[in-house]
A.B. asks: 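Structure in structure tokens, see below.
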Amino acid sequence: MENGGKSRAPVQTLQFTVIGISNAAVDIGSLNLLLLVHPTDHSGTLTLFNTIAYCLAVSNSYIWNSMITFRHTAKGSSKQRFGFFVQGLFSLLINNGVFLAFNLLFQSIGMPAWIRHNLAKGLAMFASFSASFFMIKYLVFKDKPHRNQQ
């Protein structure tokens with residue numbers, strides 16, 4: 001099927017989005033739980049909490065996306081796992097950078113901690129979600145052209 005990858009694109013995008021919503025729940029839920037147990041504005045601790053929450057969400061993402069969204073191309077190979085790990089690290093850098101930058105910006109305008117943490121987290125999730133989709137689709141679980149097709 002020559003256009004198989006293109007015909008799956010809208011469905012993959014929808015599946016990735018639905019799974020992304022569950023990832024968001026894990027991500028923001030974990031961050032809020034950590035901040036509830038240990039409220040902080042220290043950037044190092046916020047980075048640690050954000051990293052823990054993000055890693056839980058990425059684990060959720062890998063499991064569901066490899067079984068559903070990219071099941072046709074997810075082989076579970078060492079190369080794919082390594083690629084997923086690398087894109088996860090890159091997305092984590094984006095997530096932490098956006099989270100900390102917007103948290104600082106919102107703090108400077110006097111926004112209450114709970115609102116700024118969650119708004120900054122939402123923006124960070126959107127930025128890393130967008131980058132992650134393209135890296136996973138085109139680098140990690142990319143469709144390879146089939147040879148010997150007749």
Side-chain angles (χ1 to χ4, degrees), residues 4-6 8-144:
K6 291 187 189 252
R8 283 195 304 258
V11 173
Q12 280 183 323
T13 303
L14 178 62
Q15 290 169 329
F16 192 82
T17 301
V18 169
I19 291 167
I21 292 168
S22 75
N23 297 338
V26 169
D27 199 350
I28 204 158
S30 300
L31 178 65
N32 277 292
L33 180 61
L34 290 166
L35 287 169
L36 182 67
V37 172
H38 183 75
T40 186
D41 275 328
H42 182 263
S43 62
T45 306
L46 286 172
T47 300
L48 175 64
F49 287 177
N50 190 55
T51 299
I52 291 168
Y54 177 83
C55 288
L56 291 171
V58 166
S59 297
N60 184 64
S61 175
Y62 182 80
I63 292 165
W64 290 109
N65 279 307
S66 64
M67 290 190 319
I68 296 171
T69 309
F70 302 106
R71 72 182 173 277
H72 300 293
T73 55
K75 307 295 183 226
S77 68
S78 296
K79 183 178 177 182
Q80 284 185 344
R81 286 187 185 132
F82 179 74
F84 193 86
F85 177 77
V86 169
Q87 77 73 34
L89 283 178
F90 187 69
S91 293
L92 174 61
L93 291 174
I94 292 169
N95 194 288
N96 274 332
V98 171
F99 176 68
L100 292 173
F102 277 98
N103 184 61
L104 187 61
L105 174 69
F106 297 149
Q107 186 177 24
S108 72
I109 61 172
M111 190 177 284
W114 186 84
I115 295 171
R116 79 177 133 85
H117 289 152
N118 283 281
L119 189 53
K121 184 61 176 173
L123 293 167
M125 287 187 312
F126 179 77
S128 62
F129 166 85
S130 300
S132 182
F133 176 76
F134 290 105
M135 286 186 285
I136 289 171
K137 180 165 178 62
Y138 296 110
L139 298 174
V140 179
F141 296 138
K142 69 181 177 181
D143 281 329
K144 301 220 190 259

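The analysis underlying the following values was restricted to heavy atoms, covering all of them including side chains, and did not include hydrogens, waters or symmetry mates.
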A.B. asks: To the nearest 0.5 Å, what is the distance between CG (Leu119) and NE2 (His117)?
C.D. replies: 11.5 Å
A.B. asks: For Met111 and Arg116, which heavy atoms make the closest approach, and how far apart are they?
C.D. replies: O-NE, 3.2 Å
A.B. asks: Side chains of Ser22 and Asn60, heavy atoms from C-beta outward: is any pair under 4.5 Å?
C.D. replies: yes
A.B. asks: So how far is it from Leu31 CG to Thr51 OG1, rounded to the nearest 0.5 Å?
C.D. replies: 10.0 Å
A.B. asks: Using 0.5 Å steps for rounding, measure from the CD1 atom of Ile68 to the CD1 atom of Ile19.
C.D. replies: 4.5 Å
A.B. asks: If we check side chain to side chain donor-acceptor pair (under 3.5 Å) with Asn50, which of these qualifies: Thr45, Asn95, Asp27?
C.D. replies: Asn95
A.B. asks: Can you tell me how far apart OG (Ser128) and NZ (Lys121) are? Round to the nearest 0.5 Å.
C.D. replies: 7.0 Å
A.B. asks: Can you name the nearest heavy-atom pair linking Ser91 to Tyr54, along with the distance?
C.D. replies: CB-OH, 2.8 Å
A.B. asks: Are side-chain heavy atoms of Leu46 and Phe99 found at a separation under 4.5 Å?
C.D. replies: yes
A.B. asks: Take atom CZ of Phe129 as the centre, draw a 6.0 Å sphere, and report whether it contains more than 12 heavy atoms from other residues, nucleotides or ligands.
C.D. replies: yes
A.B. asks: Would you please test Ser108 and Leu105 for side-chain contact (heavy atoms from CB on, under 4.5 Å) and show each step?
C.D. replies: CA-CA 5 Å; Ser108 72; Leu105 174 69; 4.3 Å; yes
A.B. asks: What distance separates Gln107 CD from Ser43 OG, expressed to the nearest 0.5 Å?
C.D. replies: 9.5 Å
A.B. asks: Once you round to the nearest 0.5 Å, how far does CG of Asn103 lie from CG of Leu123?
C.D. replies: 11.0 Å
A.B. asks: Check Gln87 against Ser132 and note the closest heavy-atom contact, atom names and distance.
C.D. replies: OE1-OG, 3.1 Å
